[in-house]
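Take a look at the structure below.
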Amino acid sequence: MVALLEWMLVTSYLWVKAAHLIFVIFWIAGLFMLPRFYIYHQPTVPGSVEDKQWIERERRLRSIILNPAMIAVWVLGLALIWINQMNGRPILTEGWLHAKLLCVIALSGYHGWASAYGKKMARGYRPAKDRTLRLMNEVPGIATAVIVILVIVQPF
C-alpha cells in the first residue's frame, strides 16, 4: 500500500505542485482581504448591525477560505518536499528552502494574529490603530514577493 502511495505521489508531482500553488493563491488572497476588512470594520460601533455584518464576513473568510487554504498549502508543500526526497533530490538541505519555510512559518503566525484580531473585534475590542492595520495589510504582499524570489531564483 505504501509503495502504491509513493508511486502515485511521484508520478503526480506536477499535479501536487499545481494544487499547492492554487491554494497558495487562495491563502494569500484571503490574507490580503482580511486586514482590509478590519480597516473597514474598525470604526463601526460595537454591537451595531454593521459591526455584526463585518463579524460575519470575517468569520466566513477565515472559515471558508483562509483556514482550509493554509492547511492545504502546508499539506501539499510537505508532500512536495517528500516527493523530491523520494526522487533523490534532497531539497531539505538547500538554503532557499529553509528561508522559504521560515517565511511560511512567519506568514502562518501572521495568519494566527489576523484571526485572533478578528475575534477580539467581534468582542468589541479594537486594540490596533488604523495606521497599524494599514501597515499589517502589507505583510502578505511582502512575504509573497520574498517567497516567490526564493523559489524561482533560489539565491542560496
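- Gly77 approaches His20 most closely through the heavy-atom pair N-ND1, 3.3 Å.
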Test side-chain contact (heavy atoms from CB on, under 4.5 Å) on Asn137 and Tyr38; report intermediate values, then the result. CA-CA 9 Å; Asn137 196 44; Tyr38 295 161; over 6 Å; no
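- A single hydrophobic cluster is not seen to contain both Ile39 and Tyr125; linkage of ILVMFWY side chains at heavy-atom distances under 4.5 Å, directly or through other members, places them apart.
- Of all heavy-atom pairs spanning Gln85 and Pro90, the tightest one is OE1-CA, 3.0 Å.
- Aromatic pair Phe23/Trp27: centroids not less than 6.0 angstrom apart.
- Two residues are said to be in side-chain contact when any heavy atoms from C-beta on lie closer than 4.5 Å; Lys100 and Glu94 fail this criterion.
- Ile22 and Val73 fall within the same hydrophobic cluster, defined by Ile, Leu, Val, Met, Phe, Trp and Tyr side-chain heavy atoms under 4.5 Å apart, directly or through other members.
- Between Ile147 atom CD1 and Ile152 atom CD1 the span is 12.0 Å, to the nearest 0.5 Å.
- One distance of note links CG of Leu80 with CG of Leu14; it measures 9.5 Å at 0.5 Å rounding.
- Following chains of ILVMFWY side-chain contacts shorter than 4.5 Å, one can reach Met70 starting from Trp113, so the two form part of one hydrophobic cluster.
- In this structure, CG in Asn87 is found 9.5 Å from CH2 in Trp82, a value given to the nearest 0.5 Å.
- Put simply, the side chain of Thr44 gets close to the backbone of His41: a donor and an acceptor are under 3.5 Å apart.
- Residue pairs meeting the salt bridge (Lys or Arg N to Asp or Glu O under 4.0 Å) criterion with at least one partner in residues 26-53, sequence neighbours excluded, are Asp51-Arg126.
- Closest approach of Gln42 and Leu133 over heavy atoms only: OE1-CD1, 3.4 Å.
- Note that CG of Leu31 and CE of Met33 are 11.0 Å apart. Values are rounded to the nearest 0.5 Å.
- Rounded to the nearest 0.5 Å, atoms CZ (Phe37) and CZ (Arg62) are 10.5 Å apart.
- Lys17 contributes atom NZ, which lies 13.0 Å from atom CG of Leu76 (distance to the nearest 0.5 angstrom).
- Considering all non-hydrogen atoms of both residues, Pro140 and Leu107 come closest at CA-CD1, 4.3 Å.
- Linking Ile, Leu, Val, Met, Phe, Trp and Tyr whenever their side-chain heavy atoms come within less than 4.5 Å leaves Leu102 and Val24 in two separate clusters.
- Looking only at side-chain heavy atoms (C-beta outward), Ile105 and Trp74 come within less than 4.5 Å of each other.
- Counting all heavy atoms, side chain and backbone alike, Trp96 lies closest to Pro155 at CB-CD, 4.5 Å.
- Side chain of Tyr117 to backbone of Ala128: a donor-acceptor contact under 3.5 angstrom is found.
- In terms of modelled atom types and a separation under 3.5 Å, the side chain of Tyr110 and the main chain of Met136 share a donor-acceptor contact.
- Through direct or indirect side-chain contacts shorter than 4.5 Å among Ile, Leu, Val, Met, Phe, Trp and Tyr, Ile71 is connected to Val75.
- Both Leu78 and Val104 sit in one connected hydrophobic cluster of ILVMFWY residues. Membership requires side-chain heavy atoms under 4.5 Å apart, directly or through other members.
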Tell me, with the steps shown, if Leu66 and Ser115 meet side-chain contact (heavy atoms from CB on, under 4.5 Å). CA-CA 9 Å; Leu66 277 171; Ser115 293; 5.5 Å; no
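- In this structure, Glu58 contributes its side chain and Leu34 its backbone to no donor-acceptor pair below 3.5 Å.
- Partners of Arg60 by salt bridge (charged side-chain N to carboxylate O under 4.0 Å, His left out), not counting sequence neighbours, listed by chain and number: Glu56.
- Shown here for Leu97 and Ile91, the closest heavy-atom pair between the two residues is CD2-O, 3.3 Å.
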